[in-house]
**Student:** 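Before anything else, here's the structure in question.
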Amino acid sequence: MIDKVYCADVTPEMEGKKVKLAGWVYRKREVGKKVFIVLRDSSGIVQVVFSKDLNEEAYREAKKVGIESSVIIEGTVKADSRAPTGAEVQGEKLQIIQNVDFFPITKDASDEFLLDVRHLHLRSPKVAAIMKVKSTLMQAAREWLLQDGWYEVFPPILVTGAVEGGATLFKLKYFDRYAYLSQSAQLYLEAAIFGLEKVWSLTPSFRAEKSRTRRHLTEFWHLELEAAWMDLWDIMKVEEELVSYMVQRTLELRKKEIELYRKDDIKTLKNAVPPFPRISYDEAIDILQSKGVNIEWGEDMGADEERVLTEEFESPFFVYGYPKHIKAFYMKEDPEDPRKVLAADMLAPEGYGEIIGGSQREDDYDKLVQRILEEGMDPKDYEWYLDLRKYGSVPHSGFGLGLERLVAWVLKLDHVRWATLFPRTPSRLYP
RNA sequence: GCCGCCGUAGCUUAGAUGGUAGAGCGCCGGACUGUUAAUCCGGCGGUCCCCGGUUCGAGCCCGGGCGGCGGCGCCA
């Protein structure tokens, strides 16, 4: 690899030092006998000045390059308050790796166009900042999971059936029969706890829902945990500790990138420390009714209701104890109130809403069969899953976190599609 | 699945009443001794999403189609 100095590492203190830079032309301005090139690489930007009087050959090369051309530049560092970063490089040599005639993305680009040229937009510092934050959130997650004794496992993506009753599956040909793309690793993680007790996975999940909202993608990255011997309250503690660590660590390591999107408005992120507020579904309904929202006990909270609720909080919070009939079949019935299940969602504040869905799982064979029948499904389709309740069944709990939803909240993005490299939505499969 | 909105140059768009498609940005050429997505002068660039209809004449009116966007439901 080329021995280069990163743009962001060029500081006024390096005055007089010779450096070699490699990157892309971010801005170019020709003024009289000078050419100003703002060079960009993965670290950030630095301005390079080519002067006709100083080095005519380099100046002529600099005049030729177009925006986003790849170049290698050699020069001398000079502190200068007029430079965007306080330091710049006096260009002495410019090697054009590939010249670009014109770059399609200019200042007046619509969101729609940026998605059409997503493969080119990814290089912009603002998009790169999102990807850095996403990377750091997962780095933090791995740090926490490792120190807390969780095993990473690698579940299948090609599956035979549904996890959620309602969610639709992408169907594909599998030799002489059909398979589906996984919409959750949960059932497989439940199988894995019998050997490993505390497991997690990061997989893409697929939902063939024609959802047109700021919180949905047809393909998203799903961080799922499942643990034996944990009840709902235990797994909620895991959730808040994990999310808190992810957020606090990212605040520490990615301050610059977060400020790009939130400026100084990081209060709710700082507030994300245990214990997160916990309210019951019953309390949530009371709050909503007192706010004049038309909702009755037993109804699921829609987007509007969830938004009203999240505006009541200034940190992520839990809603637990949902009515059984609005939740999935595998969730354990509340022994103290059979109308409810031992389920909890974690909602992000500021209108973002659900980022985690979790529950204690039904570990009793007969009850699980009954729930499957109640949902109008066939227990035969869940034979292996039911087996887990016949051979050393244990109380266990787990949850799934939507990584793009977490990123969207952390960076206050207006849509989860900005939190993924190449978003997949019902109408977008390209690039 | 449901409700709503939009397709004009590479991009962002203006085009009352139907009458020779206009601008800004980008790009090309020129000017400029320090620019901060510079400024100034000149130039290139159009299947007005597609098909059909009405009309002397359609970017505009009518019908159908295609594509995209916003929201609901569903969920992470």
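Note on naming: letters A, B, ... go to the chains in the order of the sequence lines (proteins, then strands), and numbering restarts at 1 for each one. Nothing here was measured: the structure is a model prediction, and the numbers come from that model.
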**Student:** Taking the six-membered ring of A:Y261 as reference, does the cationic atom of A:K126 (NZ for Lys, CZ for Arg) lie under 6.0 Å from its centre and within 45° of its axis?
**Tutor:**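 Yes, A:K126 sits over the ring of A:Y261.
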**Student:** Taking B:A14 as the reference, what is the distance to B:C72 when you measure between their P atoms (whole Å, please)?
**Tutor:**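 Pairwise P distance, B:C72 against B:A14, rounds to 27 Å.
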**Student:** Flag the pair A:D363 and A:K332 as a salt bridge only when some basic side-chain nitrogen lies within less than 4.0 angstrom of an acidic carboxylate oxygen.
**Tutor:**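 The answer is yes: the pair qualifies as a salt bridge.
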**Student:** Please report, rounded to the nearest Å, how far the C1' atom of B:C75 is from the CD atom of A:E354.
**Tutor:**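 In whole Å, B:C75 C1' lies 6 Å from A:E354 CD.
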**Student:** Roughly how far apart, to the nearest Å, are B:G59 and B:G18 at atom C1'?
**Tutor:**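 Here B:G59 and B:G18 have their C1' atoms 10 Å from each other.
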**Student:** With centres under 5.5 Å and planes under 30°, do A:F36 and B:U35 count as stacked?
**Tutor:**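 A:F36 vs B:U35: stacking yes.
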**Student:** May I have the distance from A:R27 (atom CZ) to B:G26 (atom P), rounded to whole angstrom?
**Tutor:**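 From A:R27 CZ to B:G26 P: 11 Å.
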**Student:** Quantified in whole Å, what is the C1' atom distance between nucleotide B:C25 and nucleotide B:U33?
**Tutor:**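 Approximately 27 Å lies between the C1' atom of B:C25 and that of B:U33.
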**Student:** Are any of the side-chain nitrogens in A:R371 or A:E375 under 4.0 Å away from the carboxylate oxygens of its partner?
**Tutor:**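 Looking at A:E375 together with A:R371, the answer is yes, because their closest N to O distance falls below 4.0 Å.
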**Student:** Could you tell me whether the side-chain ring of A:F102 sits stacked on the base of B:G26, using a centroid cut-off under 5.5 Å and a plane angle under 30°?
**Tutor:**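 Stack criterion not met.
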**Student:** Exactly one of A:L403, A:T203, A:L242 should register a side chain to side chain contact (heavy atoms under 4.5 Å, CB included) with A:L223. Which one does?
**Tutor:**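 By the side chain to side chain contact (heavy atoms under 4.5 Å, CB included) criterion, A:L223 pairs with just one of A:L403, A:T203, A:L242: A:L242.
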**Student:** Would you mind reading off the distance between A:R118 atom CZ and B:C69 atom C1', rounded to a whole angstrom?
**Tutor:**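 Between C1' of B:C69 and CZ of A:R118: 17 Å.
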**Student:** What about A:E30: does its side chain form a donor-acceptor pair under 3.5 Å with the base of B:U35?
**Tutor:**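 Side chain to base: no pair below 3.5 Å.
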**Student:** For nucleotides B:C69 and B:A23, find the distance between their P atoms and express it as a whole number of Å.
**Tutor:**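 Here B:C69 and B:A23 have their P atoms 31 Å from each other.
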**Student:** Which value, rounded to the nearest 0.5 Å, describes the distance between A:L158 atom CG and A:Y178 atom OH?
**Tutor:**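 Between atom CG of A:L158 and atom OH of A:Y178 there are 15.0 Å.
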**Student:** If you take atom types as modelled and just measure distance, does the side chain of A:S211 reach the base of B:G73 with a donor-acceptor pair under 3.5 Å?
**Tutor:**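 A donor-acceptor contact between them is present.
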**Student:** Does any donor-acceptor pair link the side chain of A:R215 with the base of B:C74 at a separation under 3.5 Å?
**Tutor:**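 Under the 3.5 Å cut-off, the side chain and the base do not form any donor-acceptor pair.
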**Student:** Does B:A16 count as syn, meaning its glycosidic angle lies within 90° of 0, or as anti?
**Tutor:**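 Syn conformation here, the glycosidic angle of B:A16 being no more than 90° from 0.
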**Student:** Of the options A:R262, A:K267, A:R307, which is the one that meets A:E350 in a salt bridge (charged side-chain N to carboxylate O under 4.0 Å, His left out)?
**Tutor:**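 Testing each of A:R262, A:K267, A:R307 against A:E350, the sole residue satisfying salt bridge (charged side-chain N to carboxylate O under 4.0 Å, His left out) is A:R262.
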**Student:** Are A:Y385 and A:Y330, when compared by the centres of their aromatic rings, separated by less than 6.0 Å?
**Tutor:**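 Aromatic pair excluded; centres sit 6.0 Å or further apart.
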**Student:** Under a 4.0 Å heavy-atom cut-off, which of residues 120-136 of chain A touch RNA chain B?
**Tutor:**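 Listed by number, there are none.
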**Student:** Both distances under 3.5 Å, Watson-Crick or G-U wobble: on that basis, could you give the dot-bracket string for RNA chain B, with [ ] for crossing pairs and | for other-strand partners?
**Tutor:** (((((((..((((.....[..)))).(((((.......))))).....(((((..]....))))))))))))....
**Student:** Checking side-chain polar atoms at under 3.5 Å, does A:S43 have a donor or acceptor matched by the opposite partner on A:D41?
**Tutor:**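 Per modelled atom types, A:S43 and A:D41 side chains form a pair under 3.5 Å.
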